Participant: 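Mind looking over this structure? Questions follow.
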Amino acid sequence: MPAMSLMTDLIAKKHPATLPTLLALAAAAMLAGALFFEHGMGLAPCKLCHWQRLPYYLALALFIPPLIFGRKALVPTLAAAMLLFAATASIGGFHTGVEQGWWQGPSTCSGGGISDDPALALEQIMNAQLVRCDEIAWSFLGLSMAAWNMIIALGLTAVAGLGLIAARSTPLTELPDAP
C-alpha cells in the first residue's frame with residue numbers, strides 16, 4: 001500500500017512535527033479560503049459555516065505538541081487531528097443536507113414557518129438571520145462550499161488516520177525526536 005509506505009517514511013524518517021505541521025497548514029489554507037470568500041468575495045457565512053471553521057482553528061495548533069514533547073506526542077496529536085477533521089467533515093455534511101433540503105437545519109438560520117399571529121410573525125421576521133443556512137451562496141461543479149469542506153476534511157481525516165496508523169506501528173526507538 002503506497003500511501004502507508006509514504007506515511008511510514010514521513011513518520012519514521014522526519015521530525016515528529018512534520019505531518020502535524022502539514023495538517024496545521026492545511027487547516028490554515030481552509031480558513032484562508034473561507035476568509036477569502038467572506039471578505040474578498042462578500043459571501044457572508046451562516047451559523048453552520050462558522051461551526052465548520054471551529055475545528056480548523058483548533059487544528060492550527062497541531063504542530064505544537066510534537067515540537068515540545070517530541071515523538072511521545074505524535075500519536076495523541078494525530079488522533080486529535082483525525083477527530084478535528086472528522087468533526088468539520090460531519091458539520092459540512094450536515095450543512096450540505098440542510099442546503100439540499102434533506103433535513104431541517106437550526107431554527108436560528110434556516111427558513112421556517114411564519115406564525116399565523118401577525119405580531120409574532122413580525123417578531124420572527126425582525127429577528128431572522130440575514131444569512132440562511134439552507135441557501136447555497138456559491139457552488140463549484142455542482143457542490144456547495146459546505147460539500148467541498150466535507151470532501152476536503154474527509155481527505156484530511158484519512159491523511160491523519162494513515163499517519164496515526166503508521167505512528168502506532170513504528171516503534172518509538174525508530175521515531176526521530178524533537179531537537
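No experiment lies behind these values; they were computed from the predicted model shown. What's counted below: heavy atoms across the whole structure, side chains too, no hydrogens, waters or symmetry copies.
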Participant: Give, for atom OG of Ser139 and atom CE of Met145, the distance between the pair rounded to the nearest 0.5 Å.
Facilitator: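 Going from OG on Ser139 over to CE on Met145, the span is 9.0 Å.
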
Participant: Name every donor-acceptor pair, under 3.5 Å, that has one atom in a side chain of residues 150-161 and the other anywhere in the protein, sequence neighbours excluded.
Facilitator:
| residue | atom | partner | partner atom | Å |
| --- | --- | --- | --- | --- |
| Thr157 | OG1 | Ala86 | N | 3.1 |
| Thr157 | OG1 | Ala153 | O | 2.7 |

Participant: Quick one: side-chain hydrogen bond (donor to acceptor under 3.5 Å, both in side chains) pairs with a partner in residues 78-89, sequence neighbours left out?
Facilitator: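 The answer is Thr88-Asn149.
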
Participant: Which pair of non-hydrogen atoms, one from Leu62 and one from Pro66, has the smallest distance, and what is that distance?
Facilitator: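 The answer is O-CD, 3.5 Å.
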
Participant: Mind checking the CG-CG spacing from Leu74 to Leu19? Nearest 0.5 Å is all I need.
Facilitator: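 Answer rounded to 0.5 Å: 7.5 Å.
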
Participant: For Trp138, which residues count as a ring pair (Phe, Tyr, Trp, His ring centres under 6.0 Å) partner, sequence neighbours excluded?
Facilitator: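 Per chain and number, Trp138 pairs via ring pair (Phe, Tyr, Trp, His ring centres under 6.0 Å) with Phe37.
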
Participant: Got a sec, which residues hit side chain to side chain donor-acceptor pair (under 3.5 Å) with Gln100, two or more places apart in sequence or on another chain?
Facilitator: none

Participant: Hey, could you give me the CG/OG1 distance between Leu23 and Thr77, rounded to the nearest 0.5 Å?
Facilitator: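 Result: 10.5 Å between the selected atoms.
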
Participant: Count I, L, V, M, F, W, Y as connected when their side-chain heavy atoms are under 4.5 Å apart, and connections chain through other members. Are Trp103 and Leu48 then in the same cluster?
Facilitator: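 Looking at the clustering, Leu48 is in the same group as Trp103.
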
Participant: Quick check on the hydrophobic clustering: are Leu58 and Leu83 connected, directly or via other members, by side-chain heavy-atom contacts under 4.5 Å?
Facilitator: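 Unlinked, Leu58 and Leu83 end up in two clusters.
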
Participant: What's the shortest heavy-atom distance between His95 and Cys49, and which atoms?
Facilitator: CE1-SG, 3.5 Å

Participant: Specify the closest pair of heavy atoms between Phe94 and Gln104, including all atoms of both residues, with the distance to one decimal.
Facilitator: CZ-O, 3.8 Å

Participant: Using a 4.5 Å cut-off on heavy atoms from C-beta on, say whether the side chain of Met30 contacts that of Leu25.
Facilitator: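 A side-chain contact is absent here, since even the closest heavy-atom pair is not under 4.5 Å.
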
Participant: Which residues pass the side-chain contact (heavy atoms from CB on, under 4.5 Å) test with Ala87, sequence neighbours left out?
Facilitator: Pro55

Participant: What is the distance from atom CZ of Phe36 to atom CG of Leu43, rounded to the nearest 0.5 Å?
Facilitator: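 Interatomic distance, Phe36 CZ to Leu43 CG, rounded to 0.5 Å: 9.0 Å.
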
Participant: Between Trp148 and Phe140 (side chain of the first, backbone of the second, donor and acceptor by atom type, cut-off under 3.5 Å), is there such a pair?
Facilitator: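 Confirmed, Trp148 side chain pairs with Phe140 backbone.
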
Participant: Listed by chain and number, what are the side-chain contact (heavy atoms from CB on, under 4.5 Å) partners of Ser144, not counting sequence neighbours?
Facilitator: Thr96, Glu99, Ile136, Ala146, Ala147

Participant: What is the minimum heavy-atom distance between Pro20 and Leu78, and which atoms define it?
Facilitator: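 Nearest heavy atoms, Pro20 then Leu78: CG-CD2, 4.3 Å.
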
